[in-house]
There are 2 protein chains.
Amino acid sequence: MENESVVSKIQGAITRNSELFEELANLYKIFGDASRVKILCALTQSEMCVSEISEFLSITQSAVSHQLRILKTSNLVKTRRNGKSIIYSLTDDHVRTIIDCGMEHIAE
Amino acid sequence: MENESVVSKIQGAITRNSELFEELANLYKIFGDASRVKILCALTQSEMCVSEISEFLSITQSAVSHQLRILKTSNLVKTRRNGKSIIYSLTDDHVRTIIDCGMEHIAE
DNA sequence: TGAACATATGAACAGTTGCTCATATAACCA
DNA sequence: TGGTTATATGAGCAACTGTTCATATGTTCA
C-alpha cells in the first residue's frame with residue numbers, strides 16, 4: 001500500500017519525540033480535573049488567595065492547597081505573600097489560550 | 001477589600017457554568033495520556049488502521065482498541081471499514097488546534 | 001464452509017488520583 | 001508571648017485508569 005511510507009514517517013516522528021508527547025500529556029492531565037480548570041479559569045480573571053478559591057469551589061482548604069501545589073509545581077501559577085495570605089496568579093497567558101482552545105471545541 | 005466584588009463575580013460565573021468546566025476537564029482528560037495524544041497526533045497526519053497504530057506505539061492491539069474506543073465515544077475520531085481493517089481518522093480539526101496549543105506552551 | 005486475519009470486548013490487576021483528616025508551619029496582633 | 005488566622009503537608013483511602021490476557025465478533029478468500 002502506498003500509505004506505508006507515510007505511516008512509517010509518522011511512526012518515526014512520534015517515536016523520536018516520545019518524551020515530548022509525555023510532556024504534552026502531563027500538561028493536559030493538569031487541565032483534566034474540574035477543580036483545577038476552575039481554579040485556572042478564575043485566575044485568568046483575577047489573582048486570588050487560597051481561602052477565596054476554597055470558598056467559591058466549595059471544597060476544603062486542604063484540597064485547594066493540594067491542587068495549587070500541583071499547579072505551582074507545573075509552573076502554571078506563581079505566588080506572592082500578602083500578610084497572612086498567599087496570593088496565587090497565573091505565570092503567563094498560555095493557560096488562558098489553552099482553556100479558550102478547549103472551550104471552542106466544546107461549543108460546537 | 002475592593003477585590004471582593006470581582007471575586008464574587010468570578011465565583012458566580014464559575015458556579016453557574018459548573019457543568020461546562022466538567023465537560024472541559026473531561027476533554028482534557030482525554031489528551032492527558034501519552035498513548036492517546038500520540039494516536040491523535042498521528043491521525044492529524046494521516047488516517048490509519050488499528051494495527052498500524054499498534055505497531056508504531058509498541059503497545060498491544062487490545063490496548064489500542066480500548067483507547068480508540070475512548071476517542072470514538074468522545075467523538076474525536078470516526079471510523080470506516082476497509083475490508084478487514086477499520087480505518088480511524090479525526091472527526092474535525094479541533095484536535096490539531098488543541099495539540100498545537102499545548103505544544104506551544106511546552107516549547108518555551 | 002473453515003482457516004486466517006483484523007478488531008472489539010470483558011475481567012483482572014497494579015498504579016495513580018483527589019479527597020479528607022490531623023497536624024505542622026507561618027504571620028499577625030493584643 | 002500566646003491566641004488566632006492562613007496556608008501547607010503527610011498519611012490513608014476509595015475511586016478511577018490503562019494495560020494485559022483471554023476470548024468474541026466480523027471479514028476475506030481458498
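What's counted below: heavy atoms across the whole structure, side chains too, no hydrogens, waters or symmetry copies. To find a chain, count down the sequence lines: A is the first, B the second, and so on, and within it residues start at 1.
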Does B:Q67 place a side-chain N or O at less than 4.0 Å from the phosphate oxygens OP1/OP2 of D:dT19?
yes
Can you tell me the distance, in whole Å, between the NZ atom of A:K38 and the C1' atom of C:dG18?
14 Å
To the nearest Å, how far apart are A:K29 NZ and D:dG18 P?
8 Å
Each base of DNA chain D marked ( ) or [ ] if paired in-strand (Watson-Crick or G-U under 3.5 Å), | if paired to another strand and . if unpaired gives ||||||||||||||||||||||||||||||
Give me the ring orientation class for B:Y28 and A:Y28: parallel if the planes are under 30° apart, tilted from 30 to 60°, perpendicular past 60°.
parallel
Would you mind reporting whether B:L71 and B:I39 have side-chain heavy atoms less than 4.5 Å apart?
yes
Would you say B:Y88 reaches C:dA8's phosphate, i.e. side-chain N/O to OP1/OP2 under 4.0 Å?
yes
Quick check against the 3.5 Å criterion: does B:K78 have a side-chain atom that pairs as donor or acceptor with the backbone of B:Y88?
no
In 5'-to-3' order, the base (B), backbone-only (S) or no-contact (-) status of each nucleotide in nucleotides 25-30 of chain C, using a 4.0 angstrom heavy-atom cut-off, is --BS--
dist B:L76:CG -> B:L68:CG (nearest 0.5 Å) comes out at 11.0 Å
Counting just side-chain N and O atoms, does B:S35 come under 4.0 Å of either OP1 or OP2 of D:dT19?
yes
Main chain of B:K29, side chain of B:R36: is a donor-acceptor contact present, judged purely on distance under 3.5 Å?
yes
Minimum-distance nucleotide (side-chain atoms of B:Q61 versus D:dT7, C:dA8, C:dC19):
C:dA8
Please give, in whole Å, the distance from C:dT16 P to A:E22 CD?
12 Å
From the set D:dT20, D:dT19, C:dG18, return the single nucleotide nearest to any side-chain atom of B:T60.
D:dT20
Between C:dC19, D:dG18, D:dT9, which one does the side chain of A:S62 approach most closely?
D:dT9
Quick one: which of D:dT19, C:dT20, D:dA8 gets closest to the side chain of A:I86?
D:dA8
Does D:dT7 have its OP1 or OP2 closer than 4.0 Å to a side-chain nitrogen or oxygen of A:S51?
yes
note: A:I30, atom CD1; C:dG18, atom C1'; distance rounded to Å ~ 14 Å
Does B:S65 place a side-chain N or O at less than 4.0 Å from the phosphate oxygens OP1/OP2 of C:dT9?
no
Side-chain donor or acceptor of A:T15 paired with backbone N/O of A:Q11 under 3.5 Å:
yes
Is the closest side-chain heavy-atom distance between A:Q67 and A:D33 below 4.5 Å?
yes
Closest to the B:H66 side chain, choosing from C:dA6, D:dT9, D:dT19:
D:dT19
Could you state the CG-P distance from A:L57 to C:dT20, rounded to the nearest angstrom?
11 Å
Just how far, in rounded Å, is P of D:dG26 from CZ of B:R80?
21 Å
Ignoring the backbone of A:C49, work out which of D:dT7, C:dT17, C:dC19 is nearest its side chain.
D:dT7
Spacing between A:I53 atom CD1 and D:dA6 atom C1', to the nearest angstrom
13 Å
Would A:Q61 and A:S65 count as having a side-chain donor-acceptor pair, cut-off 3.5 Å?
yes
Atom CD of B:E55 and atom C1' of C:dT7 are separated, to the nearest Å, by 16 Å
Spacing of CG belonging to B:L24 relative to NZ belonging to A:K38, to within rounding of 0.5 Å:
11.0 Å
Are A:V6 and A:K9 packed together at the side-chain level, in the sense that at least one heavy-atom pair is separated by less than 4.5 angstrom?
no
